[in-house]
2 protein chains.
Amino acid sequence: MGRPKEFIAEDALTQATRVFWTKGYEATTMVDLLTATGLSKSSLYETFGSKRDLFLAALSGYCDERTQMMRELLQSRATAREAITAFFALIVEQARQEGRPFGCLSCNEAAQMEAHDTEVQRVVARDLDSMEAAFAEVIDRGHADGSIPPQVDSRRHARFLNTLHHGLQLMARTRSVDRMEDTVAVALAALDQADGLARPASQ
Amino acid sequence: MGRPKEFIAEDALTQATRVFWTKGYEATTMVDLLTATGLSKSSLYETFGSKRDLFLAALSGYCDERTQMMRELLQSRATAREAITAFFALIVEQARQEGRPFGCLSCNEAAQMEAHDTEVQRVVARDLDSMEAAFAEVIDRGHADGSIPPQVDSRRHARFLNTLHHGLQLMARTRSVDRMEDTVAVALAALDQADGLARPASQ
DNA sequence: GCAGTTATGGACTGGGCAGTCCAGAACGAA
DNA sequence: TTCGTTCTGGACTGCCCAGTCCATAACTGC
């Protein structure tokens with residue numbers, strides 16, 4: 001069966017993901033990726049195709065993992081309200097971790113992806129959709145378990161929380177953990193307000 | 001006095017800013033900048049120094065202009081509450097405009113700036129600070145004119161609105177204007193809630 | 001119209017980039 | 001041990017990039 005591989009593709013992908021996450025797609029060079037993964041050029045090209053293919057694989061994998069983690073976390077608490085609190089606490093907590101790249105790969109790339117790059121846009125859009133859906137589901141659960149007032153519209157608030165999450169990840173990128181904390185405190189309070197939909201908002 | 005310049009530096013900077021805004025620093029080439037500004041290579045290097053210097057000038061100029069526009073807008077309405085509404089309506093409106101680059105240059109660069117790039121970080125941090133200050137001031141004005149409940153803490157809510165703004169600009173980048181609208185509606189409602197600070201939030 | 005000064009166009013350079021390719025290494029099978 | 005297969009290291013390529021440089025153009029003052 002020929003010479004066996006000297007690396008595990010999955011591990012290499014994880015390392016490559018960290019590089020893209022830290023530096024962004026454009027600023028990342030193949031040398032960066034070779035160093036981080038420890039692969040030889042041939043192995044990397046043989047396994048992943050090209051820098052761009054590798055990036056798309058990294059981005060997709062990152063999004064899938066994050067979505068799954070998020071769904072699990074959101075279902076792991078007694079009430080939906082607690083689950084949402086826990087989720088945002090985790091986001092803040094992650095921003096504090098030393099070894100972890102700052103911000104969120106998907107959010108970062110959303111900010112720098114080219115207008116005509118439909119492939120990256122599709123992955124990012126999918127990520128946006130699935131996070132919004134996860135937020136909407138947990139809010140609905142909150143309606144059922146009584147932890148979130150019924151007047152809180154699930155779609156609207158899901159979009160709100162989603163946008164807020166992206167803002168938080170940008171703040172994480174700038175290392176503004178204090179700002180993140182204050183933001184989360186205010187945002188969570190909005191979930192407990194009953195009259196959020198009653199007033200004729202500005203649209 | 002020698003041969004006169006055939007261009008206006010200010011205009012060239014405006015054009016260059018649009019390119020960086022659209023493509024991001026890394027993805028922008030000198031050819032892009034030469035084409036957009038119409039300058040010759042010598043003139044561009046003579047006037048702005050280097051690609052990086054030009055970028056820093058573009059970013060600073062963008063931030064200054066945006067901050068000034070924001071302050072003027074926030075002071076142009078009868079009440080602070082109306083001013084904040086108008087500001088976010090403008091952000092959504094801008095996201096709709098066809099000819100305008102998507103999102104916000106400062107927000108985009110915040111997402112892709114390198115960890116060791118202290119110069120860009122400083123400009124972005126300054127922008128973050130001045131926007132937060134502007135939000136805090138308008139909230140204080142709202143306390144005075146009665147349009148914002150006194151329980152709404154100005155610093156906390158300023159940070160909240162600032163983070164939200166960054167999230168909105170990311171959504172603009174992904175062309176999700178619907179999401180922006182829903183987000184703004186929810187966020188503005190939070191400003192009218194009196195008990196936002198009374199509850200022991202998650203921190 | 002001449003001298004001095006400044007701006008311009010474009011050829012040029014060196015470096016770094018993504019990606020290719022092949023000789024040989026490292027196995028499994030018989 | 002030998003053969004077939006698969007993987008690996010690294011030399012190599014060609015391209016595009018930011019930045020330099022200089023001959024010449026375009027002007028002002030005298």
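In the text below, chain A, chain B and the rest are named by the order of the sequence lines, each starting its count at 1.
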DNA chain C: B:Lys5 or B:Lys41, which has the more 5' nearest nucleotide? B:Lys5
From the 5' end of DNA chain D to its 3' end, which nucleotides mark the outer limits of contact with chain B, defined by a 4.0 Å heavy-atom distance cut-off (strictly under)? D:dC17 to D:dT28
Can you measure from SG (A:Cys63) to CD (A:Glu109) and round to the nearest 0.5 angstrom? 10.0 Å
For atom CZ of A:Arg52, decide whether the heavy atoms of other residues, nucleotides or ligands shown that lie under 6.0 angstrom number more than 12. yes
Do other residues, nucleotides or ligands put more than 12 heavy atoms under 6.0 Å from B:Arg71 CZ? yes
Contacting residues from residues 47-62 of chain A, given that a heavy atom lies under 4.0 angstrom of DNA chain D: none
Rounded off to whole Å, could you give me the CD-to-P distance for the B:Glu26 and C:dG16 pair? 15 Å
Nearest whole Å is fine: how far is C:dG16 P from A:Leu34 CG? 16 Å
Between atom OH in A:Tyr45 and atom C1' in C:dC22, what is the gap in whole Å? 17 Å
Could you check whether A:Ser40 gets within reach of a base, just the sugar-phosphate, or nothing at all, counting any heavy atom under 4.0 Å? base
Cation-pi geometry met for B:Arg175 and B:Phe102 (6.0 Å, 45°): yes
Nearest-Å distance, CD (B:Glu46) to P (C:dT5)? 16 Å
Heavy-atom count around A:Glu65 CD within 6.0 Å, excluding the residue itself: above 12? no
When all nucleic acid strands are considered with a 4.0 Å heavy-atom cut-off, which category describes A:Thr29: base, sugar-phosphate, or nothing? sugar-phosphate
To the nearest Å, how far apart are A:Phe7 CZ and C:dA26 P? 16 Å
Taking the six-membered ring for Trp, are B:Phe135 and B:Phe160 ring centroids under 6.0 Å apart? no
Length of the CE-C1' vector between A:Met30 and C:dG15, whole Å: 19 Å
Would you mind reporting whether A:Thr174 and B:Gln121 have side-chain heavy atoms less than 4.5 Å apart? no
Tell me whether the centres of the aromatic rings in B:Phe20 and B:Tyr62 are closer together than 6.0 Å. no
Validate the cation-pi geometry between B:Lys51 and B:Tyr25: distance from NZ or CZ to the six-membered ring centre under 6.0 Å, angle to the ring axis within 45°. yes
